[in-house]
Peer 1: 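Input: one structure, supplied below.
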Amino acid sequence: MATVADAKIQFTRQLHPAPTSPQARAQILANPGFGTSFSDHMVSIEWDEQRGWHDAVVGPRGPILLDPAAAVLHYAQEIFEGLKAYSQSDGSIALFRPEANAARFNQSARRLAMPELPEELFIESVRQLVAADRDWLPTVEGGSLYLRPFMFASEAFLGVRPAKQYRYLVIASPAGNYFKSGAPAVSIWVSDYTRAAPGGTGAAKCGGNYAASLVPQAEAIERGHDQVVFLDAAEHRWIEELGGMNLYFVFADGSLVTPALTGTILPGITRDSLLALARDEGLTVREERYSLDQWRDDAKSGRLVETFACGTAAVVTPVGKVAGRDGEFTIGTGGPGQLTQKLKNRLVAIQRGEAPDPHGWVMKL
Ligand SMILES: *Cc1c(COP(=O)(O)O)cnc(C)c1O
């Protein structure tokens, strides 16, 4: 629906009249946490059938006006992305594989019957926001500026059809290092709920998937675990992913398995990057289904030595313990595994410009 000409649209720049004071900002940046503080600006672009993408603005971040009948509030037509801007060792700022986020954003848009955003416009929008808020990159070691592009149906109507008006926004949130040195291993709960069914929206990054995962996640916490892992909807046997992270299994012979992208799993960019890095190391990585029963047997026999989850926010998180209705089992020693740590270090070094970038993943701004 959007034409290439849309990508040439000019951004209007409006600086924040009362930006956060340097002192208050410094305090936030020294200990940013995750997802709780936000930079001064945001990007907004509108779409309608007549004009396509228009009215691109980098302006002050603040509340948005929405009609109570806006379609997103009733039928959840909303998609999002998550990527980070990193300070490089040479002092510049870089994005990691933003074109992969742009492409996935449009895959999500197609599944949710929303207009596509030209990939160049997606990247330009992120660039514009980082340029406006470059003082918001955390000063703490391992910090980054988390960027959240998203789109929702803004047309006011009640009726079940794709909306005719959309709004695309990008906001930014300074993020600390999830874990300072080696990440502690997490305990995960095997849910009886399913996240995604064949033919559903499991491969799309849409808010609705997360709404449906909150009860399962709360159940995991209630039972004393950190995260929830979902099995496939049809047989309730094959491991899919966590609520917001993909999974890797590491075997004693040095090979790895990650569940194949069958349409019910979110195609993670961290997952894809680690696949390439593991293969660069000469390791065998199989993308195939892996069952809960096999996982338990392999962990007990020692054939499986590590399991880790991966995603942009926490990068790589070791899994130490798995519990479900049929009991629990420990993976390896229950702590972070060696290959998990090695792959994580390799990825983080590329993201921060501390190691060569053979795949051309880093985009300097
Ligand atoms: C975003 C997301 C991931 C991780 O994707 P990355 O591109 O690696 O950040 C994994 N699973 C779900 C459900 C997600 O929404």
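No hydrogens, no waters, no symmetry mates; every other heavy atom, side chains included, goes into these values. All figures in this text were calculated on a predicted structure; none of them were measured in a lab. One-based numbering, in listed order, for ligands and for the atoms of each.
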Peer 1: With R303 as the cation and F251 as the aromatic partner, state whether NZ or CZ is under 6.0 Å from the six-membered ring centre and within 45° of the axis.
Peer 2: yes
Peer 1: Test your reading of the model: is there a side-chain donor-acceptor pair from H225 to the backbone of Q227, 3.5 Å cut-off?
Peer 2: no
Peer 1: Mind checking ring-ring contact (aromatic ring centres under 6.0 Å, His included) for Y146 and listing every partner two or more places apart, or none if nothing turns up?
Peer 2: F34
Peer 1: I'd like to check the salt bridge (charged side-chain N to carboxylate O under 4.0 Å, His left out) partners of E288; sequence neighbours left out, ordered by chain and number.
Peer 2: R286
Peer 1: Is the shortest side-chain N to carboxylate O distance from R296 to D326 below 4.0 Å?
Peer 2: yes
Peer 1: Once ring-ring contact (aromatic ring centres under 6.0 Å, His included) is applied, do any residues pair with Y210, and if so which ones, sequence neighbours excluded?
Peer 2: F80
Peer 1: What does the 4.0 Å heavy-atom contact list look like for ligand 1?
Peer 2: R104, R195, K205, Y210, E241, G243, G244, M245, N246, L266, G268, I269, T270, G311, T312
